[in-house]
Protein chains: 2
Amino acid sequence: MARVEIPEPYLTAWRAFLNAHAATTEHVEAALAAADLPPLAWYDVLWPLYDARRLRMGELATRVVTISRSGLTRLVDRVEAAGLVRREACDHDRRGTDLVLTAAGKAMLRRMWPVYARVIEERFVAVIGRREAEELADTLGRVGARAPAAEPTASSVRRPALQ
Amino acid sequence: MARVEIPEPYLTAWRAFLNAHAATTEHVEAALAAADLPPLAWYDVLWPLYDARRLRMGELATRVVTISRSGLTRLVDRVEAAGLVRREACDHDRRGTDLVLTAAGKAMLRRMWPVYARVIEERFVAVIGRREAEELADTLGRVGARAPAAEPTASSVRRPALQ
DNA sequence: CAGAAATAGTTGCGGGCGCACATTTTGTCT
DNA sequence: AGACAAAATGTGCGCCCGCAACTATTTCTG
């Protein structure tokens with residue numbers, strides 16, 4: 001029956017990890033919904049497009065780790081239907097689709113970020129010291145590292161200042 | 001437009017946090033599926049029942065933070081249909097439903113934990129120092145703390161030794 | 001250069017989830 | 001006691017997701 005042993009401190013940390021994610025995520029979604037804004041998943045599509053100006057579906061998929069390829073297709077369907085992004089033909093590869101942010105998409109990004117950021121500040125920044133944040137980044141960076149060497153990282157949350 | 005500012009180290013930590021969760025979660029689900037076992041959500045139902053012997057739907061909902069009340073109803077429907085738990089009438093309150101683990105449920109728990117634990121070891125324990133684990137638990141514990149004072153914590157991952 | 005193999009993206013299908021509402025039972029106030 | 005609010009689940013409905021299969025291209029191979 002292979003008695004699996006995981007030392008107490010690790011187990012506690014693991015539980016805290018899962019809890020923290022559930023709690024914060026929930027609050028972000030609630031805040032967005034309360035402000036009549038789309039779910040966080042839309043942000044994950046819009047931001048990389050703002051950051052890169054133009055991306056192919058596959059490249060976007062690389063940055064949105066939380067959803068499957070087909071799921072992304074339909075997520076983009078919806079975001080496009082809302083007029084926030086536009087699909088364009090890809091030059092060098094007629095199989096591919098390029099995505100670009102529309103003006104409305106950029107505007108939506110500007111409306112979503114403050115709401116998103118507010119929750120990050122209240123639930124995350126507010127209870128973590130600067131030094132701790134650095135350690136967190138380091139530790140969790142290792143946990144999230146794509147095992148072997150390939151598997152790209154993911155999830156971008158704004159790098160250059162959004163306007 | 002309220003230029004929201006979040007210091008770099010926090011943003012980096014936040015990204016690492018989301019990435020780490022996506023990555024580990026994905027691996028756990030993959031490992032369970034590969035072993036022909038139910039998804040992690042089932043574990044979240046089975047374990048608290050093993051831990052508490054008997055729980056009402058509402059009490060269970062308190063511990064399974066990642067799903068809504070109605071979602072839990074149907075999750076339990078499935079787990080019950082699989083013969084892993086049993087719904088029983090609650091004595092003092094005829095509105096309520098008690099849940100108890102069946103022998104098959106306990107057995108399933110014993111099959112799932114090693115697979116689950118294996119991933120925790122490989123992806124989490126293996127890349128974190130003991131000291132770091134304690135700091136993680138502390139820091140993320142604060143992040144996951146239910147804001148005001150009520151809102152119970154959640155997610156249990158085995159406390160007494162499973163057999 | 002023909003044809004197999006690989007790649008990019010989409011779609012059919014079945015399943016799971018959350019919201020809002022319905023149902024049954026308790027608790028309270030008068 | 002009688003009525004009304006509150007609490008504990010379950011249910012109808014529509015949305016979203018992932019898997020596997022499909023189409024259209026491109027790339028590799030002999």
Side-chain angles (χ1 to χ4, degrees), chain A residues 22 25-34 36-45 48-49 54-82 85-100 150 152, chain B residues 22 25-34 36-45 49 54-82 84-100 150 152:
Chain A
T25 283
E26 195 177 322
H27 279 114
V28 170
E29 296 292 8
L32 289 172
D36 270 304
L37 292 171
L40 188 53
W42 288 40
Y43 189 89
D44 293 337
V45 165
L49 280 173
R54 171 179 280 254
L55 285 175
R56 295 189 44 168
M57 284 298 281
E59 294 174 316
L60 180 58
T62 268
R63 296 161 209 231
V64 183
V65 171
T66 47
I67 197 176
S68 74
R69 213 58 148 255
S70 67
L72 183 60
T73 290
R74 280 186 274 233
L75 173 55
V76 169
D77 284 349
R78 275 169 275 144
V79 177
E80 182 178 33
V85 305
R86 192 172 49 238
R87 269 186 243 242
E88 289 185 3
C90 171
D91 265 353
H92 291 50
D93 190 340
R94 263 170 296 191
R95 291 170 303 183
T97 312
D98 278 354
L99 295 175
V100 292
Chain B
T25 283
E26 195 177 323
H27 279 113
V28 170
E29 296 291 7
L32 288 172
D36 269 304
L37 292 171
L40 188 53
W42 289 38
Y43 188 89
D44 293 338
V45 166
L49 280 174
R54 173 178 278 254
L55 285 175
R56 295 188 43 168
M57 284 298 281
E59 295 173 316
L60 181 59
T62 268
R63 297 161 209 231
V64 182
V65 171
T66 47
I67 197 177
S68 74
R69 215 58 148 252
S70 67
L72 183 62
T73 291
R74 281 187 273 233
L75 172 55
V76 169
D77 284 348
R78 274 169 275 142
V79 177
E80 182 178 33
L84 306 183
V85 306
R86 193 172 49 239
R87 270 186 242 241
E88 288 185 2
C90 172
D91 267 352
H92 291 52
D93 188 340
R94 264 171 292 192
R95 291 170 301 182
T97 312
D98 278 354
L99 295 176
V100 291

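Remember, predicted model here, so these are calculated numbers, not experimental data. Quick note on labels: first sequence line is chain A, next is B, and so on, each numbered from 1.
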**Prompt:** Where the side chain of Ser70(B) is concerned, which of dG18(C), dT10(C), dG16(C) is the nearest nucleotide?
**Reply:** dG18(C)
Could you tell me whether [X] contacts a base, only the sugar-phosphate backbone, or nothing, with contacts defined as non-hydrogen atoms closer than 4.0 Å?
X: Asp93(A); result: sugar-phosphate
X: Arg74(A); result: base
X: Thr97(A); result: sugar-phosphate
X: Arg56(B); result: sugar-phosphate

Rounded interatomic separation in angstrom, taking [atom1] from [X] and [atom2] from [N]:
X: Arg69(B); N: dA7(D); atom1: CZ; atom2: C1'; answer: 10 Å
X: Ile67(B); N: dC17(C); atom1: CD1; atom2: P; answer: 4 Å
X: Glu59(A); N: dG9(C); atom1: CD; atom2: P; answer: 8 Å
X: Asp77(A); N: dG9(C); atom1: CG; atom2: P; answer: 13 Å

**Asp91(B), Asp93(B), Asp98(B) screened by salt bridge (Lys or Arg N to Asp or Glu O under 4.0 Å) with Arg95(B), the one that passes** =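 That would be Asp93(B); it is the only one of Asp91(B), Asp93(B), Asp98(B) passing the salt bridge (Lys or Arg N to Asp or Glu O under 4.0 Å) with Arg95(B).
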**Prompt:** Distance check: side-chain N/O of Arg94(B) vs OP1/OP2 of dT26(C), anything under 4.0 Å?
**Reply:** yes
**Item:** Under 4.0 angstrom between Arg87(A) side-chain N/O and dT10(C) OP1 or OP2
**Value:**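 Arg87(A) to dT10(C) OP1/OP2: side-chain N or O found under 4.0 Å.
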**Asked** Less than 3.5 Å between a donor and an acceptor, one on the side chain of Arg95(A) and one on the base of dA24(D), is that the case here?
**Response** no
**Request:** Look only at the side chain of Glu29(B) and the backbone of Pro39(B), and say whether a donor-acceptor pair between them is shorter than 3.5 Å.
**Result:**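 No, Glu29(B) side chain to Pro39(B) backbone: no donor-acceptor pair under 3.5 Å.
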**Nearest heavy atoms of Thr66(B) and Ala22(A), plus distance in Å** = CG2-CB, 4.1 Å
